[in-house]
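See structure below.
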Number of protein chains: 2
Amino acid sequence: MPLESSMGLEPIKPVPTDGAHGHDDSLAIIEPLCAVFRRALKEEGLKYTPERARILDTIIEFDGLFEADQLLDALKAKGYSVSKATVYRTLKLLESCSIVQQVLFDRDQSHYQLAFGKQGNTLIIHVDTGEVETLELPELIALRDQICNARGLKAQGHKLQIFVIADDS
Amino acid sequence: MPLESSMGLEPIKPVPTDGAHGHDDSLAIIEPLCAVFRRALKEEGLKYTPERARILDTIIEFDGLFEADQLLDALKAKGYSVSKATVYRTLKLLESCSIVQQVLFDRDQSHYQLAFGKQGNTLIIHVDTGEVETLELPELIALRDQICNARGLKAQGHKLQIFVIADDS
DNA sequence: CTTGGTGCAAACATTTTGCAGCACA
DNA sequence: TGTGCTGCAAAATGTTTGCACCAAG
């Protein structure tokens, strides 16, 4: 089965980022990202609602990975009441336009992260503490593409997870 | 939360493979693997039951990845009736003694694979067909350890997933 | 105004668990 | 012969869906 499902609708094609890349100030990317989302929605005849705006804004404020539940809590904490159903529906939407990506490393819960900016697709998972860091590993891309080329395949993306403990030796 | 849970009991420590490595003939590893399991169980005061033996035997006959449901079906097809609960319980047991490992790349279902022999921890996932290949990528280990050393961490393992489509360019 | 969106609660699918009887060591 | 194991069915969990009402465009 293809990875793309996104409720009934067609996958929204990834929208190229226009500007505001590589900045450290997360506030700086709020406007463009929101614009990207609006455009992606409009292209599909979907609506930009306050709930969707609030969800994206709240996601942007997260540092790295987050879970659906955390997102829901953060929304509540900000005084917004958005239902669980809407959070899940919006996450799918954000995934299908490549603003957010799902990260699987835990059977019990889906994790997500912003797919934009300096977020990486390598995770360092501390198996003792449960802590997770994300990072970018450009060296991996060369290795990946070399493997794919050798097989007549084209890489669309990759995820690396490294399970670690503190080195007390 | 630590990755290790394995129902009530302590994690069984990984047992070094004694022989029968790198062979192509899956039949050849049935005996040793089963012996490994027996030993691991005995060390924990657990019992080697016919259900557990049948589950391990059936897993060994799988080529690569499998799901709990497939395992259940395969058992039924062989005329063994093992309950779903026992399958899940035994999978956890096999995981905790490193005979089997869980592979997450699909939110809906856990996949598993034998952790022994030539099975790799890199997955090539064909996003169009759903097909999945596993392979070994020794180059990754160097990269991984280098990253960990630089941070005072010790790598315990890793998983790489590469998402691909056929290259029609 | 029309089409899609929201919240709620019920539905779902996979995995886990409580319990009574069974069987390995 | 006792502790652990099994099967069953019920529970638990994260996610999805049906529906009636609401709101964006």
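In what follows, chains are A, B, ... by sequence order, proteins preceding strands, each numbered from 1.
- Residue B:L41 contributes atom CG, which lies 11 Å from atom C1' of D:dG4 at whole-angstrom precision.
- Considering only side-chain N and O atoms, B:T86 lies under 4.0 angstrom from the phosphate OP1 or OP2 of D:dG7.
- One atom, CG of A:L71, and another, P of D:dT15, lie 12 Å apart when rounded to the nearest Å.
- Fit an axis to the five pairs at each end of the helix from C:dC1-D:dG25 to C:dA25-D:dT1 and the two axes sit 40° apart, to the nearest 10 degrees.
- Phosphate contact (OP1/OP2 of C:dT16, side-chain N/O of B:Y88, threshold under 4.0 Å): absent.
- Contact annotation: A:S110 reaches the phosphate of D:dT15 (side-chain N/O to OP1 or OP2, under 4.0 Å).
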Subject >> Heavy-atom protein contacts under 4.0 Å, nucleotides 18-25 of chain D, coded B base, S sugar-phosphate only, - none >> reply: B----BBS
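- For the pair B:S83 and B:R107, both in contact range of DNA chain D, the more 5′-proximal nearest nucleotide belongs to B:S83.
- Within the 4.5 Å cutoff, the side chain of A:K159 has no heavy atoms near those of the B:K159 side chain.
- Counting heavy atoms from C-beta outward, A:L41 and A:R52 have side chains that approach closer than 4.5 Å.
- For the pair B:F66 and B:L91, the minimum side-chain heavy-atom distance is below 4.5 Å.
- Between the NE2 atom of B:H111 and the C1' atom of C:dT15 there is a distance of 15 Å, rounded to whole Å.
- Taking 4.5 Å as the limit, some side-chain heavy atom of B:H158 sits within range of a side-chain heavy atom of B:I141.
- Note: the hydrophobic cluster containing B:V100 also contains B:V87 (ILVMFWY, side chain heavy atoms under 4.5 Å, direct or indirect links).
- Between A:E61 and A:K78 there is a salt bridge, since at least one side-chain N of the basic residue sits less than 4.0 Å from a carboxylate O of the acidic one.
- Counting only heavy atoms from C-beta on, A:R52 has its side chain closest to C:dG5 among D:dG7, C:dT16, C:dG5.
- Both B:L140 and A:L137 are members of a single hydrophobic cluster when ILVMFWY side chains are connected at heavy-atom separations under 4.5 Å.
- Atom pair B:L91:CG and D:dT6:P shows a separation of 12 Å (rounding to whole Å applied).
- Between atom OG1 of residue B:T134 and atom NE2 of residue B:H111 there is a gap of 12.5 Å, rounded to the nearest 0.5 Å.
- Rounded to whole Å, atom P of D:dG4 lies 17 Å from atom CD of B:E51.
- Computed from coordinates, the B:K92 NZ to D:dT6 C1' distance equals 17 Å when rounded to whole Å.
- Across every non-hydrogen atom of A:E139 and B:L143, the tightest pair is OE2-CD1, 3.9 Å.
- Taking atom CG on B:L93 and atom P on D:dT6, their separation rounds to 9 Å, with Å as the unit.
- Rounded to whole angstrom, the span from the CG atom of A:D108 across to the P atom of C:dT15 amounts to 10 Å.
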